[in-house]
Amino acid sequence: MRLHLLVCHLHHPGNGTDRLDLYLLHWRGSVPLAETIEAMEALKSAGKIRHWGVSNLDTDDMDELIAAGGDGCVTDQILYNLVRRGPELDLLPWLAQHKVPVMAYSPVEQGRLTSHPALDKVAAKVGATPAQVALAWTLRHDGLIAIPKASSIAHVRENRAAADIVLSDADLATLDAAFPRPAGRRPLEML
């Protein structure tokens, strides 16, 4: 069975782990989804992985994945942030309906969002950094996990504090005005 996978939790011989917690199909590729599902379930049955998920699969791909027996999929990792709001139109509702958590990568758009005036305004109001506000905006959805980059322990703590920020309706309106949702469906974006 051929697979094109991304390892999210690396096994290290000295860490006491004998399996991967989460194994992701990074993108669709040429291998039929049914074969990928079969391979993922075999790895799970063999105790090599605890869970499996996908990355960068759009609504049509997810429909096909579930139809091929992929109800064991525990997440779809996608590019989602204030400037990449296309998934709100169809993929996020689909995933919520099917109870598949979203893993949002690059929730601060690789740091490019941190200098936007709207984020500065909301950050000053709530006593946070612009990056924390962008992360809090992403985390406001139920069933959504964000995976921001952190380069130090202090940065991890800053990211963690974003989970405690509650954005008001006025804050959300400010951000929606500055970063509007697209008017129509778009293909899933990737970095």
Side-chain angles (χ1 to χ4, degrees), residues 6 8-9 21-26 40 49-67 70-110 113-114 116 118-119 122-123 125-150 155-191:
L6 170 70
C8 280
H9 175 98
D21 289 330
L22 179 62
Y23 210 20
L24 296 181
L25 170 71
H26 192 60
M40 293 291 202
I49 63 174
R50 185 170 177 208
H51 301 287
W52 65 270
V54 296
S55 184
N56 301 308
L57 266 62
D58 211 340
T59 309
D60 294 343
D61 298 316
M62 292 302 296
D63 277 333
E64 186 178 336
L65 182 83
I66 297 301
D71 55 344
C73 178
V74 298
T75 192
D76 187 5
Q77 182 186 75
I78 61 169
L79 178 59
Y80 178 65
N81 59 46
L82 279 162
V83 296
R84 313 281 188 151
R85 294 183 63 179
E88 292 177 12
L89 299 176
D90 60 345
L91 183 57
L92 291 184
W94 188 100
L95 293 167
Q97 177 186 351
H98 291 85
K99 296 180 176 38
V100 176
V102 177
M103 185 185 298
Y105 72 85
S106 199
V108 187
E109 188 66 16
Q110 297 182 325
L113 285 172
T114 59
H116 195 281
L119 281 168
V122 174
K125 182 180 171 215
V126 301
T129 68
Q132 286 175 314
V133 171
L135 190 51
W137 178 89
T138 302
L139 291 170
R140 79 194 190 289
H141 294 288
D142 288 334
L144 194 141
I145 305 152
I147 52 171
K149 179 180 178 180
H155 197 180
V156 170
R157 288 185 178 124
E158 180 182 319
N159 288 342
R160 165 54 190 95
D164 296 330
I165 296 170
V166 177
L167 298 172
S168 69
D169 289 344
D171 298 332
L172 293 172
T174 297
L175 296 172
D176 280 343
F179 304 98
R181 171 193 319 210
R185 189 183 186 292
R186 298 180 170 184
L188 192 61
E189 296 178 81
M190 296 177 222
L191 286 179

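Because only heavy atoms are used, hydrogens play no part in the values below, and waters and symmetry mates are left out as well, while side chains stay in.
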TODO: Find out whether His155 and Asn159 are in side-chain contact, i.e. whether some heavy atom of one side chain is under 4.5 Å from a heavy atom of the other.
DONE: yes
- [ ] Please check if atom CG in Asp164 has more than 12 non-hydrogen atoms from other residues, nucleotides or ligands closer than 6.0 Å.
- [x] yes
- [ ] Output the distance between atom CD1 (Ile78) and atom CG (Leu91), rounded to the nearest 0.5 Å.
- [x] 5.0 Å
- [ ] Heavy atoms only: give me the nearest Leu167-Ala136 pair and the separation to one decimal.
- [x] CD1-C, 4.1 Å
Open item on the list: Can you confirm whether Arg186 is buried at CZ, in the sense that more than 12 heavy atoms of other residues, nucleotides or ligands lie under 6.0 Å from that atom?
Closed with: no
- [ ] Could you check if a side-chain atom of Leu172 sits within less than 4.5 angstrom of a side-chain atom of Arg140, using non-hydrogen atoms only?
- [x] yes
Open item on the list: Give me the atom names and distance for the closest heavy-atom approach of Thr138 to Ala146.
Closed with: CG2-CB, 4.3 Å
Task: Closest heavy-atom pair and its distance - Ala104, Tyr80 - done: CB-O, 3.8 Å
Open item on the list: Let me confirm one number: the CD1-CD distance from Ile147 to Gln77, rounded to the nearest 0.5 Å.
Closed with: 4.0 Å
- [ ] To the nearest 0.5 angstrom, please state how far the OG1 atom of Thr59 sits from the CG atom of Leu92.
- [x] 8.5 Å
Open item on the list: Distance check, rounded to the nearest 0.5 Å: Asp169 atom CG versus Thr174 atom OG1?
Closed with: 11.0 Å
TODO: For Leu24 and Thr75, work out which heavy atoms get closest and say how close.
DONE: CD2-CG2, 3.8 Å
Task: Exam field: side chain Asp76 to backbone Asp58, donor-acceptor pair closer than 3.5 Å - done: no
Task: Backbone of Val100 reached by a side-chain donor or acceptor of His98 within 3.5 Å - done: no
Open item on the list: Tell me whether Arg84 contacts the main-chain N or O of Asn81 through its side chain, where contact means a donor paired with an acceptor under 3.5 Å.
Closed with: no
Open item on the list: So Leu22 and Arg50, do their side chains get closer than 4.5 Å, heavy atoms only?
Closed with: no
TODO: Check whether any side-chain heavy atom of Leu135 sits under 4.5 Å from a side-chain heavy atom of Glu158, and report yes or no.
DONE: no
- [ ] Mind listing the closest non-hydrogen atom pair of Leu119 and Leu113 along with its distance?
- [x] CD1-O, 3.0 Å
- [ ] Look at atom NZ of Lys149 and say whether more than 12 heavy atoms of other residues, nucleotides or ligands are closer to it than 6.0 Å.
- [x] no
- [ ] Ignoring hydrogens and angles, tell me if any N or O in the side chain of Tyr105 forms a donor-acceptor pair with the backbone of Leu191 under 3.5 Å.
- [x] yes
- [ ] Measure across Ala178 and His116 and return the closest heavy-atom pair with its distance rounded to 0.1 Å.
- [x] CB-CE1, 3.7 Å
Open item on the list: Taking the side chain as everything from C-beta on, heavy atoms only, tell me whether Met190 gets closer than 4.5 Å to Leu79.
Closed with: no
- [ ] Would you please say whether a donor-acceptor pair under 3.5 Å links the side chains of Asp171 and Ser168?
- [x] yes
Task: Atom pair SG/CE of Cys73 and Met40 - distance to nearest 0.5 Å - done: 8.5 Å
- [ ] Flag yes if more than 12 heavy atoms outside Arg85 fall under 6.0 Å of its CZ atom; otherwise flag no.
- [x] yes
Task: Full working for side chain to side chain contact (heavy atoms under 4.5 Å, CB included) between Leu82 and Glu109 - done: CA-CA 8 Å; Leu82 279 162; Glu109 188 66 16; over 6 Å; no
- [ ] State, yes or no, whether a side-chain contact exists between Gln132 and Ile165 at a heavy-atom distance under 4.5 Å.
- [x] yes
TODO: Please confirm whether the backbone N or O of Pro130 pairs with a side-chain atom of Thr114, one donor and one acceptor, at under 3.5 Å?
DONE: no
